[in-house]
2 protein chains.
Amino acid sequence: MKKPKTSYHHGDLAESLLNAVDELATKFGLEAVTLRSCAKRVGVSPSSAFRHYADKRTLLTAFATRALMQLSTVLASANKAALHKDQDAFLAVSLAYIKFAIEKPAFFRAMWREETIYTTDDAYMEAIIVLTSTIKGGFASSLVDDDASSMSSAELLAWSSVHGLANLLIDGPVGNGLSKAQKTSLATDMLELLQPALEA
Amino acid sequence: MKKPKTSYHHGDLAESLLNAVDELATKFGLEAVTLRSCAKRVGVSPSSAFRHYADKRTLLTAFATRALMQLSTVLASANKAALHKDQDAFLAVSLAYIKFAIEKPAFFRAMWREETIYTTDDAYMEAIIVLTSTIKGGFASSLVDDDASSMSSAELLAWSSVHGLANLLIDGPVGNGLSKAQKTSLATDMLELLQPALEA
DNA sequence: GGTAGTATGTGAACACTGTTCACATTTAAT
DNA sequence: ATTAAATGTGAACAGTGTTCACATACTACC
């Protein structure tokens with residue numbers, strides 16, 4: 001990770017700090033991510049972070065943006081894989097969404113926490129748009145998409161269900177003592193029950 | 001609020017601190033709730049808070065517990081009112097759930113934030129149980145409840161959808177420029193689309 | 001190739017945070 | 001009335017985000 005070819009300049013501090021957030025959030029949770037610990041992890045002085053991010057909140061916004069893009073990528077490839085194997089795209093995308101939340105809860109939480117990020121940031125907003133359209137695309141095979149900009153009731157229902165279950169599993173009482181397999185089966189059952197309602 | 005009948009002892013500091021969390025979270029958001037500001041608001045020294053709460057996290061857990069009970073109460077009375085007026089209970093309870101999240105976002109966030117509260121706290125766990133059964137009770141009129149302890153797929157789907165929409169509205173891109181009325185109508189449309197799937 | 005200018009990293013300082021602890025004060029029990 | 005327990009205080013600690021004058025390295029131009 002470190003590039004000690006020059007002792008003073010780091011080379012790519014902005015990205016390295018994001019990686020530090022990534023690692024610390026994964027290991028110790030979002031709440032434990034501190035600017036100073038990120039700087040220390042990268043091997044740099046705390047104040048240097050401010051050359052690249054105006055704020056701690058700006059850094060977290062960049063991290064949230066990155067997480068959003070990762071999720072979009074995961075969903076898109078799940079969609080593609082399902083279509084390729086002639087499986088149900090809605091189920092595959094939904095399960096990928098929930099799986100992402102379960103496996104990277106800190107990432108999932110960071111994406112949406114309005115009090116900790118700048119939701120009007122340009123890059124963040126675009127990542128949101130990309131995710132939204134990816135989700136709509138992933139649901140498109142089973143849904144009638146009338147409008148490109150706004151969401152239909154069916155799309156909203158699909159997203160809400162999946163998003164809600166993901167949240168209940170990582171920040172709620174539902175998935176408490178359950179293994180990952182049990183959670184997945186829970187999700188599958190729920191999704192199969194939902195599916196008929198989306199095809200009306 | 002203040003009781004200056006005795007200058008030294010406060011009388012009911014534990015509850016007053018909870019009220020302070022309440023007010024500060026409402027005005028400035030959860031992130032802005034600080035132990036010192038709560039103490040100052042109550043007119044007491046910062047260290048005195050530790051006579052009643054071992055931790056800041058313990059205080060926030062108590063606040064989350066209180067919020068959970070408030071939500072339970074709201075849902076129960078929505079359910080009762082709907083039955084009384086011979087209206088649909090599921091719709092009424094769901095809308096009350098979403099309305100609570102929209103009107104008291106800081107409360108709603110505090111209830112579920114696993115990193116900021118002690119989810120194994122006894123009072124908290126009981127409040128969760130009460131809420132869960134209240135929700136199941138609220139959905140019971142349209143759902144077949146087979147088991148008392150675990151949740152059926154239909155119940156999980158109902159809760160996930162409602163919970164997910166609530167989250168998307170307060171910590172997500174869905175409700176961004178929308179008025180409260182628009183959000184409510186969005187929710188109503190979604191719920192009416194969902195309803196048939198729950199009666200299978 | 002040397003020099004000016006700009007980008008990037010540093011160290012010390014600021015106010016603020018949660019938390020502790022010896023101490024002060026009030027209430028309750030005997 | 002005296003003791004014990006409960007409750008509030010003030011000063012201190014390490015850790016936080018943030019700023020700013022300063023140091024160092026990279027870039028562009030003559």
Side-chain angles (χ1 to χ4, degrees), chain A residues 1-21 23-25 27-64 106 110 113 115-118 121, chain B residues 1-21 23-25 27-64 106 110 113 115-118 121:
Chain A
M1 284 295 154
K2 292 180 182 178
K3 297 179 182 177
K5 66 179 179 182
T6 84
S7 56
Y8 200 88
H9 274 40
H10 181 274
D12 196 1
L13 187 50
E15 174 120 10
S16 296
L17 285 173
L18 277 183
N19 292 334
V21 176
E23 294 161 18
L24 290 175
K27 273 192 199 162
F28 309 110
L30 253 191
E31 233 60 38
V33 173
T34 185
L35 224 90
R36 291 178 115 103
S37 62
C38 290
K40 178 174 282 181
R41 185 167 193 83
V42 175
V44 100
S45 133
S47 47
S48 58
F50 292 89
R51 295 271 173 228
H52 302 270
Y53 302 98
D55 252 346
K56 183 190 181 184
R57 200 167 171 178
T58 304
L59 171 60
L60 290 182
T61 303
F63 177 65
R113 192 165 295 182
E115 286 190 0
T116 335
I117 61 181
Y118 292 118
D121 175 84
Chain B
M1 284 294 152
K2 291 179 182 176
K3 298 178 182 177
K5 66 178 180 184
T6 85
S7 56
Y8 201 87
H9 274 40
H10 181 275
D12 197 0
L13 187 50
E15 174 119 10
S16 294
L17 284 172
L18 278 183
N19 292 333
V21 175
E23 294 162 18
L24 290 174
K27 272 192 202 163
F28 309 111
L30 254 192
E31 232 60 38
V33 173
T34 183
L35 228 98
R36 290 177 116 103
S37 63
C38 291
K40 179 174 281 182
R41 185 166 193 80
V42 175
V44 101
S45 132
S47 47
S48 59
F50 292 89
R51 295 272 172 228
H52 303 270
Y53 302 98
D55 252 346
K56 183 190 180 182
R57 200 166 170 178
T58 304
L59 172 61
L60 290 181
T61 304
F63 176 66
R113 192 164 297 182
E115 287 190 1
T116 335
I117 61 181
Y118 293 117
D121 175 84

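First the proteins, then the strands, lettered A, B, ... as listed; each starts at 1. Note that these values count all heavy atoms, side chains included, but never hydrogens, waters or copies made by symmetry.
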* May I ask you to test the A:L24-A:R41 pair for a side-chain heavy-atom distance under 4.5 Å? => yes

* Could you state the atom-to-atom distance from CG of B:L17 to P of D:dT7 in whole Å? => 13 Å

* Heavy-atom side-chain proximity of B:F50 to B:L35 below 4.5 angstrom -> yes

* Asked: Expressed in angstrom and rounded to an integer, what is the separation of A:E31 atom CD from D:dG17 atom C1'?
  -> 15 Å

* What is the distance, rounded to the nearest whole Å, between atom NZ of A:K40 and atom P of C:dG11? -> 13 Å

* Asked: Nearest 0.5 Å, what's the OG1-NE2 distance between B:T58 and B:H52?
  -> 13.5 Å

* C:dA7 phosphate, OP1 or OP2: any side-chain N/O from A:H52 under 4.0 angstrom? -> no

* Looking at side-chain heavy atoms only, is the closest gap between A:L17 and A:L13 below 4.5 Å? -> yes

* Between A:L24 (CG) and D:dG15 (P), how many Å, whole number? -> 16 Å

* **Sub-4.5 Å side-chain heavy-atom contact between A:D55 and A:Y118** => yes

* Structure fact -> Whole-Å distance, A:L59 CG to D:dT18 C1', equals 14 Å

* Asked: What nucleotide among D:dG17, C:dG18, D:dT9 has an atom nearest to a side-chain atom of A:K56?
  -> D:dG17

* Closest nucleotide of DNA chain C for A:S45 versus for B:D55: which of these residues is on the 5' side? -> A:S45

* **Rounded interatomic separation in angstrom, taking CZ from A:F50 and P from C:dA7** => 20 Å

* **Interatomic distance, A:R57 CZ vs D:dT16 C1' [rounded to whole Å]** => 17 Å

* Candidate nucleotides D:dG10, D:dG17, C:dA22, ranked by approach to the side chain of B:R51 - the nearest -> C:dA22

* Asked: Picking from D:dT9, C:dG9, C:dG18, which would you name as closest to the side chain of B:R36?
  -> C:dG18

* **Closest nucleotide among C:dT19, C:dG11, D:dG8 to the B:V44 side chain** => D:dG8

* Which of these nucleotides, D:dG10, D:dC20, C:dG18, is closest to any side-chain atom of A:S47? -> D:dC20

* Asked: How long is the line joining CG of B:L13 and P of C:dT25, in whole Å?
  -> 19 Å

* Asked: Could a donor-acceptor pair under 3.5 angstrom be found where the side chain of A:T34 meets the base of D:dG15?
  -> no

